[in-house]
Each structure stands twice: as C-alpha cells, then as structure tokens.
*Asks:* 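Take this structure, written in structure tokens, and hold onto it; I'll ask about it next.
Computed from a prediction, not measured in an experiment: that's the story for all the values here.
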Amino acid sequence: MDILYCFFGEFGHGESGYPLIRLGAEAYYRENMDVMDTDFPVEAHIERTEKGKPYFTDIDMEFSLSHSEGIWVCVYSSNPCGLDVQVKKPVDWQRITKRFFNQEELMYVETHGQEGFYHLWSRREALGKCLGSGLFGDIPSLVDFDGRLREEVDIDGELFFFTQIQLKENVECVLCRKGEKRDFMIRELEI
C-alpha cells in the first residue's frame, strides 16, 4: 500500500529537507516490513536525476514530495509516483493557462475558472514528477474531448492514474501513480 506522509509547519528545502524525507521513508518501511527484504539503511542516500527528481540510491522505493505554504507531503510507493500540493490563492491563472495548456485544457479552465486551473496544474505537476520530466515534458492532454478531467492517461502503452486527495480546505493535492490505481493511506509525521 502506498502511504502519503504529511507535515504541517516549518521544514527545510533542498538538501536540508532530506532528513524529513528519510523520516517518512523509515516510517513507510516500518509499516511495510512484511514486504521489505532488508532493514532500513541508517543513512539512506538521496541523489537527484539530471532533471532534479530526487531518489534513493540504496533503497528500492519510489517517492515524490511537494510543499506549499507550510504543508509538506511525500508519498512512498513501490511504483513510480508523482505528487503535487498547492495552497489555492489568487494567481494570474488566465496568463499561465494560455502559456502552458493545450486546447482541451484551455477550454476546461475557461469553463471552471481558477478552480479548474488548480485541478489541471496539480495533475500536470504530479504526472511530470512521476515521469521525471517536470511540468514541461511531453505530457498528453489531461482533459478528454467531452471536457472532463482524465482519471488516467496512456503514455507509450503505460498507464498513469490520478487520485485527488483531500488534505485541507483550499488545498489542491493530486497523486499520480504508474501502473495501476492503488489504495493509499495518509499519515501525519511529527518531529
């Protein structure tokens, strides 16, 4: 089972945030010890891909993290995954939409306004993180021809599934997982 860990408060960014990632990974290990084939490494080493996606070099575990205004979330999984969290606040969503979204997505946002913008932006972020390509990678339309958000997309014969997560009011949180839609749990980390 995938587990999404949340932390609310002050946290480090970049390498100074690695201890929180390790803390979540260790908690994930403890909850899934029956399927883990080794003990959790004392100093789990984190590297970044060329495009900036963090990964463990010595643990066979996928993870994705996101943060926004005092909310830190990280999902741990056996499959590639991507996660995005956004505290919803006024933004120039029309300008951003015109710059980054395709025609179907533009129409969706025109219909649903800023709420629609956040639905799409978070899905694009989550999928880009799952793929390791970022928001600006080669991402298919996340809106179908009937103007609805896609719950899954096919990229080169592989399926990617989206799950909307309710963390708090006025917060958009989306999980993207490669391979199959799967249950997940939400846990709060305390340090």
Side-chain angles (χ1 to χ4, degrees), residues 1-13 16-49 53-88 115 118-132 142 149-153 155 158-191:
M1 176 170 287
D2 298 343
I3 302 177
L4 180 119
Y5 291 94
C6 306
F7 177 77
F8 302 97
E10 295 294 319
F11 49 85
H13 298 273
S16 65
Y18 286 2
L20 198 53
I21 295 170
R22 287 186 194 98
L23 182 65
E26 191 170 2
Y28 178 81
Y29 246 68
R30 279 193 310 274
E31 291 200 52
N32 290 282
M33 285 185 354
D34 56 326
V35 294
M36 299 299 182
D37 57 1
T38 62
D39 291 332
F40 187 79
V42 173
E43 184 62 35
H45 189 68
I46 300 171
E47 291 286 330
R48 289 185 177 268
T49 66
K53 181 177 177 156
Y55 66 95
F56 288 114
T57 59
D58 47 357
I59 305 173
D60 187 22
M61 175 193 314
E62 298 280 339
F63 73 94
S64 180
L65 69 116
S66 185
H67 50 78
S68 180
E69 305 202 12
I71 300 172
W72 179 95
V73 291
C74 191
V75 66
Y76 300 87
S77 177
S78 57
N79 280 31
C81 53
L83 182 68
D84 187 53
V85 66
Q86 300 282 329
V87 172
K88 297 178 197 173
E115 191 72 17
Y118 275 110
H119 290 320
L120 278 168
W121 187 265
S122 291
R123 282 175 185 246
R124 288 180 71 83
E125 284 266 7
L127 179 58
K129 288 178 179 182
C130 187
L131 292 168
L142 302 182
L149 286 174
R150 294 183 189 271
E151 296 301 316
E152 66 185 61
V153 292
I155 300 175
E158 297 185 282
L159 292 178
F160 295 82
F161 295 87
F162 297 101
T163 303
Q164 193 78 28
I165 300 169
Q166 183 64 45
L167 286 179
K168 289 184 164 193
E169 194 169 327
N170 207 36
V171 173
E172 187 78 20
C173 186
V174 174
L175 168 62
C176 178
R177 187 175 193 284
K178 179 181 173 184
E180 63 183 352
K181 193 156 188 146
R182 198 168 142 174
D183 290 334
F184 66 95
M185 294 184 290
I186 298 175
R187 299 275 193 260
E188 190 166 340
L189 278 179
E190 301 205 16
I191 55 174

*Asks:* Under the 3.5 angstrom rule, does the side chain of Asn170 hit a backbone N or O of Lys88 as a donor-acceptor pair?
*Replies:* yes
*Asks:* Ignoring hydrogens and angles, tell me if any N or O in the side chain of Glu10 forms a donor-acceptor pair with the backbone of Gly12 under 3.5 Å.
*Replies:* no
*Asks:* Test Leu23 against Leu189 for side-chain contact (heavy atoms from CB on, under 4.5 Å), laying out the working first.
*Replies:* CA-CA 8 Å; Leu23 182 65; Leu189 278 179; 4.1 Å; yes
*Asks:* State the CG-CG distance between Leu142 and Leu120, to the nearest 0.5 angstrom.
*Replies:* 6.0 Å
*Asks:* Work out which heavy atom in Cys81 is nearest to a heavy atom in Leu175; give both atom names and the distance.
*Replies:* CB-CD1, 4.3 Å
*Asks:* Taking the side chain as everything from C-beta on, heavy atoms only, tell me whether Phe161 gets closer than 4.5 Å to Cys176.
*Replies:* no
*Asks:* Where the side chain of Ser16 meets the backbone of His13, is there a donor-acceptor pair that is under 3.5 Å apart?
*Replies:* yes
*Asks:* Measure the NZ-SG distance between Lys53 and Cys130 for me, rounded to the nearest 0.5 Å.
*Replies:* 5.5 Å
*Asks:* Ile155 and Phe160: which non-hydrogen atoms are nearest, and at how many Å?
*Replies:* CB-CE1, 3.9 Å
*Asks:* Taking the side chain as every heavy atom from C-beta outward, state whether Tyr29 and Met61 have any pair of such atoms under 4.5 Å apart.
*Replies:* yes
*Asks:* Which heavy atom of Lys168 sits nearest a heavy atom of Phe8, and at what distance?
*Replies:* CE-CE2, 3.6 Å
*Asks:* To the nearest 0.5 Å, how far apart are CD in Glu26 and OH in Tyr5?
*Replies:* 10.5 Å
*Asks:* What pair of heavy atoms forms the shortest contact from Phe11 to Leu20, and how long is it?
*Replies:* CB-CD2, 3.9 Å
*Asks:* Any donor-acceptor pair under 3.5 Å linking the side chain of Ser66 with the backbone of Val85?
*Replies:* yes
*Asks:* List the steps and the verdict of side-chain hydrogen bond (donor to acceptor under 3.5 Å, both in side chains) for Gln86 and Glu125.
*Replies:* CA-CA 10 Å; Gln86 300 282 329; Glu125 284 266 7; 4.7 Å; no
*Asks:* Could you state the interatomic distance from CZ (Phe184) to CD1 (Ile3), rounded to the nearest 0.5 Å?
*Replies:* 11.5 Å
*Asks:* Looking only at heavy atoms, what is the nearest atom pair of Tyr18 and Arg48, with distance?
*Replies:* OH-NE, 3.3 Å
*Asks:* Without swapping roles, check the side chain of Ser64 against the backbone of Leu83 for a donor-acceptor pair under 3.5 Å.
*Replies:* yes
*Asks:* For Glu62 and Lys178: C-alpha separation, side-chain torsions, deciding distance, then whether salt bridge (Lys or Arg N to Asp or Glu O under 4.0 Å) applies.
*Replies:* CA-CA 11 Å; Glu62 298 280 339; Lys178 179 181 173 184; over 6 Å; no
*Asks:* Aromatic contact between Phe56 and His45, with the criterion being ring centroids under 6.0 Å apart: yes or no?
*Replies:* no
*Asks:* Glu151 versus Arg123: any side-chain heavy-atom pair under 4.5 Å?
*Replies:* yes
*Asks:* Quick check on Glu180: does its CD atom have over 12 non-hydrogen neighbours (other residues, nucleotides or ligands) under 6.0 Å away?
*Replies:* yes
*Asks:* Could you give me the CA-CA distance, side-chain angles and deciding distance for Leu4 and Leu167, then say whether side-chain contact (heavy atoms from CB on, under 4.5 Å) is met?
*Replies:* CA-CA 10 Å; Leu4 180 119; Leu167 286 179; 4.0 Å; yes
*Asks:* With a 4.5 Å limit on heavy-atom distance, are the side chains of Lys181 and Thr163 in contact?
*Replies:* yes
*Asks:* Could you tabulate the donor-acceptor pairs under 3.5 Å formed by side-chain atoms of residues 71-78, not counting sequence neighbours?
*Replies:*
unit_1 : atom_1 : unit_2 : atom_2 : d
Tyr76  : OH     : Ile21  : O      : 2.6
Tyr76  : OH     : Ala25  : N      : 3.3
Ser77  : OG     : Asp2   : OD1    : 2.8
Ser77  : OG     : Asp2   : OD2    : 3.4
Ser77  : OG     : Asn79  : N      : 3.0
Ser77  : OG     : Asn79  : O      : 3.3
Ser77  : OG     : Arg177 : NE     : 3.4
Ser78  : OG     : Arg182 : NH1    : 3.0

*Asks:* Enter the distance from Ile186:CD1 to Cys173:SG here, rounded to the nearest 0.5 Å.
*Replies:* 7.5 Å
*Asks:* When rounded to the nearest 0.5 angstrom, what distance separates OH in Tyr55 from CD in Glu47?
*Replies:* 5.0 Å
